[in-house]
Every structure is written in C-alpha cells, then in structure tokens.
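The chain is numbered in sequence order, starting from 1.
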Amino acid sequence: MTTTLEPCFLHSFKLFASSREFKFPATNRGKSVLRLQAQGKITHQFIPAKSATACDTDVPRFDENSLIRRREFVHLSTIPFLLPFCVSEKEFAANALEVDGDEQSVMQIEIKKVVSKAKAPGMLRLVFHDAGTYQTEENSGGMNGSIILELDRPENSGLSKSVKILEKAKGVIDKYEQVSWADMIAMAGAQAVFVCGGPFIPVRLGRKDSMVPDAEGKLPLETLDAPALKKCFLSKGLSTQELVVLSGAHTIGGKGFGNPTVFDNSYFKVLLEKPWRSSGGMSSMVGLPSDHALAEDEECIRWITAYAGDQTKFFEDFKRAYIKLVNSGAKWKNA
C-alpha cells in the first residue's frame with residue numbers, strides 16, 4: 001500500500017532536502033521505502049521480501065517484526081506534530097535545496113516567529129548598518145555583528161529595538177548551537193524581505209562576530225549627492241546598479257514609497273514621479289535626500305526606470321546584491 005504525504009515537514013531536515021530516496025534497513029519482512037517525488041510529494045511504500053532467505057540482515061534478530069512496526073509507526077505518527085512548522089508546498093519546492101542543515105532550519109523557524117511585517121524595516125536597517133561599514137581597500141568592517149557594539153552611535157539610533165527582538169530568537173537557537181550575531185542579522189534581513197512579499201533569499205551561515213566595533217564614519221550619509229553616493233558604494237565593492245537596487249529596500253518602512261509593509265517596486269515608480277518637487281504638503285516629505293539624488297543622476301535613472309517597469313528583475317537583482325552585501329567583509333568559521 002502506498003501513502004502520499006505532504007512534504008512541508010522536510011523543511012526542518014537537511015537529510016530530506018539533499019537526497020531523493022531513503023530506505024530503512026531490510027529485514028526478513030521486506031523494505032520500507034520513502035521517495036521524494038515531483039512537486040515535493042513523498043511516497044511511502046512497504047515492499048515485501050520475495051523470500052526469507054533473500055533479505056538482508058542489517059537489523060539484529062530480536063523480534064524483528066515488532067522492530068519494523070515500531071519504526072514505521074514512529075516515522076508516520078511524527079508527521080502531524082511537525083506540520084505546524086510547515087511552509088507551503090510551493091515554498092518548499094522552491095526553497096528546499098537552499099536549506100543548509102539543522103542549524104539553519106532552527107534559525108529560520110525562530111526568526112520567522114519574531115520578524116513580522118511591522119518589524120521588517122528595522123531588521124533591514126540593521127543589516128545595512130552592520131554590513132555597510134565594509135571597506136575593500138582596508139578589508140575592514142562588513143557583516144561581522146559589530147553593530148551590537150555600536151548601538152550608542154547617533155547613526156544607529158533606534159536599532160537597539162531590533163536587536164532586542166532578535167535576542168529572544170537567538171536565546172532559543174543558542175541552546176541547539178551557538179550562532180553569531182552576524183548570521184542572525186543576515187537571516188533576519190532576508191526574512192524581512194520575504195515576509196513583506198519580496199523574494200526568498202538563501203543565506204550562507206558560518207560568519208564570525210567581531211569582538212571590537214568597526215571604525216566610525218564608514219556608513220553612507222543620507223545627505224550625500226549621487227556622485228558621492230556612487231563613490232561611497234564603490235569603496236565597498238558595490239556598483240551603481242547595486243547602489244540603486246539596494247536602495248529599493250526603502251519601499252518598506254513608511255518613507256512614502258507605497259505600502260510600508262509591502263516589498264515591491266513602488267520605490268522606483270515614485271522616484272520617477274519626483275513628488276518632493278511639489279510645493280508643501282506631505283508629498284514634499286517623501287524619501288530621503290539620498291533618494292532624491294538618485295533620481296537626478298543620469299546613470300542611476302536608467303536603473304530606476306528598468307526596475308519601475310520590471311518587478312521581477314528588481315527581485316532577482318536585489319537578491320544577488322543582498323547576498324553580496326551580507327557576505328562582504330565576513331570572516332568564516334570554516335575558512
């Protein structure tokens with residue numbers, strides 16, 4: 001008899017994400033086989049042995065029939081208890097191969113509990129302020145968790161709230177395995193994008209935390225004009241295109257670029273309209289001076305126009321730029 005199971009519980013297990021077929025040890029009763037089928041379905045089937053002598057003897061011969069029955073019961077009866085942690089079948093099919101072991105699965109579950117749409121803008125700001133200190137020439141700063149030691153700086157005002165939110169999740173995760181703040185922040189930012197409707201962003205784990213704060217004055221200022229912004233981002237190894245696409249994160253957070261809890265390409269559409277040029281009213285308060293500067297630069301406006309007309313391209317390019325950002329300056333445990 002074949003039983004088809006919903007696969008979403010596999011999200012928490014690396015074994016099922018990395019293999020196509022799984023077999024319990026053979027006994028003189030036969031084999032119990034799990035197969036990962038198309039669209040994330042799992043087929044469970046018990047195959048009787050052709051004869052008692054044709055079977056392997058991997059399991060010691062003490063009440064083998066009872067042992068097999070218990071194994072099948074435990075495996076199948078566990079599934080309902082794992083279902084509350086499920087993602088949708090569509091999400092599983094798209095993301096299963098991105099899961100990198102039990103540590104990442106636990107992190108995803110715990111971070112998902114604390115990163116809501118309302119908390120998403122703060123999480124993304126935390127990412128940019130940690131990774132944004134990177135300097136290529138000096139090979140200093142970057143995604144190293146040092147933001148935890150820099151919360152008293154004026155430019156980091158308000159970020160202690162986001163850190164406190166993540167502390168709860170980190171406390172749970174640390175009971176399984178110690179995780180760095182750099183990894184926590186990188187994954188929280190990715191979840192912030194996803195929970196607001198943006199693309200799923202796979203995040204590599206294994207960053208080390210810095211034990212000292214980064215140098216001051218390395219973050220781009222909100223008052224910079226376009227040439228100064230491009231120069232600043234270039235010093236961090238980021239191109240003009242990456243400057244523009246990462247600025248698209250301002251689409252959430254209540255800066256006047258569409259719905260403050262929806263990650264989409266509204267930021268670029270509003271930049272093309274330049275509402276801040278209007279005299280008085282709320283429109284003049286839309287965005288930061290650095291946002292306005294991008295809309296006045298010939299090179300930047302080409303990318304702004306492209307993303308305003310193609311949200312899919314924005315999502316794809318943002319995902320690549322985000323991965324590059326959270327890997328910049330990172331020191332890896334396995335390096």
Kindly compute the distance separating NZ (K112) from CE (M187), expressed to the nearest 0.5 Å.
12.0 Å
Between T223 and S290, is there a side-chain heavy-atom distance shorter than 4.5 Å?
no
Taking all non-hydrogen atoms of both residues, which atom of T240 and which atom of C300 are closest, and how far apart?
CG2-SG, 3.8 Å
Mark yes when over 12 heavy atoms from residues, nucleotides or ligands other than K161 sit less than 6.0 Å from its NZ; otherwise mark no.
no
Backbone of G237 reached by a side-chain donor or acceptor of K324 within 3.5 Å:
yes
Gap between atom OG of S328 and atom CD of Q135 - 0.5 Å precision:
10.5 Å
Single-linkage hydrophobic cluster V127~I323, side-chain heavy atoms < 4.5 angstrom
yes
Give a yes or no answer on whether the side chain of K218 reaches the backbone of G141 with a donor-acceptor pair at less than 3.5 Å.
no
Counting C-beta onward and ignoring hydrogens, is there a side-chain heavy-atom pair between W181 and D130 closer than 4.5 Å?
no
hydrophobic_cluster_shared for V115 and V262, side chain cutoff 4.5 Å:
no
Identify which one of L166, L205, L126 satisfies the side-chain contact (heavy atoms from CB on, under 4.5 Å) criterion when paired with M184.
L166
Compare all side-chain heavy atoms of T251 with those of F268 and state whether any distance is below 4.5 angstrom.
no
Tell me, do L243 and L294 make a side-chain contact under 4.5 Å, heavy atoms counted?
yes
Minimum heavy-atom separation for V270 to P275, with atom names?
O-CD, 3.3 Å
Among all residues two or more places apart in sequence or in another chain, which pass the ring-ring contact (aromatic ring centres under 6.0 Å, His included) test with F233?
none
Check the hydrophobic clustering (I, L, V, M, F, W, Y; side-chain heavy atoms under 4.5 Å; chains of links allowed) and say if L224 and W276 are grouped together.
yes
Tell me, with the steps shown, if F200 and Q191 meet side-chain contact (heavy atoms from CB on, under 4.5 Å).
CA-CA 8 Å; F200 171 81; Q191 175 61 21; over 6 Å; no
Under 4.5 Å between side-chain heavy atoms, counting indirect links through other Ile/Leu/Val/Met/Phe/Trp/Tyr residues: same cluster for V195 and F315 or not?
no
Going by distance alone, is a donor N or O of one side chain under 3.5 Å from an acceptor N or O of the other, for Y176 and E110?
no
Do W303 and V245 come close enough that some side-chain heavy atom pair is under 4.5 Å?
no
Counting only heavy atoms from other residues, nucleotides and ligands, does the tally under 6.0 Å from CD of E296 exceed 12?
yes
Gap between atom OG of S105 and atom CD1 of I173 - 0.5 Å precision
11.0 Å
State, to 0.1 Å, how close A131 and M143 come at their nearest heavy-atom pair, and which atoms those are.
CB-SD, 3.6 Å
Rounding to 0.5 Å, atoms OG (S247) and CG (L229) come to a distance of 7.5 Å
For D291 and L288, indicate whether the former's side chain and the latter's backbone hold a donor-acceptor pair under 3.5 Å.
yes
Tell me, do F318 and L246 make a side-chain contact under 4.5 Å, heavy atoms counted?
yes
In the structure I gave you, are the side-chain heavy atoms of P121 and H250 within less than 4.5 Å of one another anywhere?
no
For E150, is there any backbone N or O sitting under 3.5 Å from a side-chain donor or acceptor partner on H129?
no
Within the side chain of D225, is there an N or O that forms a donor-acceptor pair under 3.5 Å with the backbone of A293?
no
Under a 3.5 Å distance rule, please check whether N156 uses its side chain to pair with a backbone N or O of L159 as donor and acceptor.
no
Would one find more than 12 heavy atoms of other residues, nucleotides or ligands at under 6.0 Å from atom NZ of K319?
no
Between F314, F257, Y322, which is the residue that forms a ring pair (Phe, Tyr, Trp, His ring centres under 6.0 Å) with F263?
F314
Using a distance-only test with no angle check, is there a side-chain donor-acceptor pair under 3.5 angstrom linking D264 and Q311?
no
Nearest-0.5 Å distance that lies between atom CG in L325 and atom CZ in R320
15.0 Å
Which atom of L124 lies closest to which atom of I252, heavy atoms considered
CD1-CD1, 3.6 Å
Atom pair NZ (K269) and OG1 (T305), whose distance is rounded to the nearest 0.5 Å:
13.0 Å
Heavy-atom pair of closest approach, residues K236 and P220
CE-CD, 4.0 Å
Please list all pairs meeting side-chain hydrogen bond (donor to acceptor under 3.5 Å, both in side chains) that have one or both residues in residues 206-216, counting only residues at least two apart or in different chains.
T133-D214, N144-D214, S146-D214, D183-R207, R207-N327
For a side-chain contact (heavy atoms from CB on, under 4.5 Å) check, start with the C-alpha distance between M123 and I165, then their side-chain angles and the critical distance, and finish with the verdict.
CA-CA 9 Å; M123 294 302 165; I165 291 168; 3.6 Å; yes
Taking the side chain as every heavy atom from C-beta outward, state whether V114 and K119 have any pair of such atoms under 4.5 Å apart.
no
Which pair of non-hydrogen atoms, one from V286 and one from G256, has the smallest distance, and what is that distance?
CG1-O, 3.9 Å
For S235 and C232, indicate whether the former's side chain and the latter's backbone hold a donor-acceptor pair under 3.5 Å.
yes
So if you build clusters from Ile, Leu, Val, Met, Phe, Trp, Tyr with side-chain heavy-atom gaps below 4.5 Å, do L238 and Y267 land together?
yes
Closer than 3.5 angstrom, by distance alone: can the side chain of D174 be matched with the main-chain N or O of V179 as a donor-acceptor pair?
yes
